[in-house]
Amino acid sequence: RGLGDVYKRQIEITAAAEYMLDDYFIKLLRSDEPLLTIHKNIVLTEQSYATPTSNLNEISFELITAGYLPIMAHPERYPFYHGKYEAYSHLKDMGFLLQVNMLSLTGYYGKPVAKAARYIFDNDLADLVGTDMHHERHLQTLQHPGNLEIFSKYLGNRVYNDFSAF
């Protein structure tokens, strides 16, 4: 038996999606097809970086009444929320879990994004952490000793990404 056979037996691979919250998503949500989830009823969502989703309250209401628990991916990266930090609490009030990109804490995406990410952590609004791993620069940034200190400071001893809690 090869090593590949062992891994096939221990790893379950499933399909999931990160849904852009736009008009097409509303049509998809209202269709008979179930959404792809990352765990049970948990759906990963995002907004455009250019403009906020105009009907976000409606979408969150429809998601929740359909039995889904939405995650808002990388809210710290949306420039329309910078300097309007009450928006992060509003997202939570609408029922979104917040997933912060770890690279954001390092300043990788700029100072306003780092400031917003730190605000989310400082105010205990983050539920999940994730990252983009599209190329080696992302890995190098995550492994940099100075950034490891930042992660230790903001992530501390709290457990994130425990889906059994949801």
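In this text, all values refer to a predicted model and were calculated from it rather than measured experimentally.
When the side chain to side chain donor-acceptor pair (under 3.5 Å) test is applied to Glu136, the partners found at least two apart in sequence or on another chain are Gln140. Take Asn147 and apply the side chain to side chain donor-acceptor pair (under 3.5 Å) test, not counting sequence neighbours, and it matches no residue. Under the rule for a side chain to side chain contact (heavy atoms under 4.5 Å, CB included), the partners of Ser60 that lie at least two apart in sequence or sit in another chain are Met94, Phe96. Residues passing the ring pair (Phe, Tyr, Trp, His ring centres under 6.0 Å) test with Phe80 are Tyr78, sequence neighbours excluded. Every residue was checked against the side chain to side chain donor-acceptor pair (under 3.5 Å) condition with His134, not counting sequence neighbours, and none meets it. Applying the ring pair (Phe, Tyr, Trp, His ring centres under 6.0 Å) rule to Tyr119 yields the partners Tyr85; only residues at least two apart in sequence or on another chain are considered. Among residues two or more places apart in sequence or in another chain, the side chain to side chain contact (heavy atoms under 4.5 Å, CB included) test is passed with Met20 by Asp22, Glu46, Ser48.
Side chain of Thr106 to backbone of Tyr108: a donor-acceptor contact under 3.5 angstrom is found. Side-chain N or O atoms of Ser104 include none that pairs as donor or acceptor with a backbone N or O of Val113 at under 3.5 Å. At least one donor-acceptor pair closer than 3.5 Å links the side chain of Asn161 to the backbone N or O of Val129. Looking only at distances, a side-chain donor or acceptor of Gln47 sits under 3.5 Å from a matching main-chain atom of Thr53.
Residue pairs meeting the salt bridge (charged side-chain N to carboxylate O under 4.0 Å, His left out) criterion with at least one partner in residues 108-118, sequence neighbours excluded, do not occur; the list is empty. Applying the salt bridge (charged side-chain N to carboxylate O under 4.0 Å, His left out) definition to pairs two or more places apart or across chains, those involving residues 50-75 are Arg30-Glu58, Arg30-Glu62. The stretch residues 149-163 participates, sequence neighbours left out, in these salt bridge (charged side-chain N to carboxylate O under 4.0 Å, His left out) pairs: Asp124-Arg158. Listed by first then second residue, pairs satisfying salt bridge (charged side-chain N to carboxylate O under 4.0 Å, His left out) with a partner in residues 76-91 read Arg77-Asp132, not counting sequence neighbours.
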Sequence neighbours excluded and cut-off under 3.5 Å, please list the side-chain donor-acceptor pairs for residues 32-43, or say none.
residue	atom	partner	partner atom	Å
Thr37	OG1	Lys40	O	2.7
Asn41	ND2	Gly67	O	3.0

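Taking the ring centroids of Tyr160 and Phe121, they lie under the 6.0 Å cut-off.
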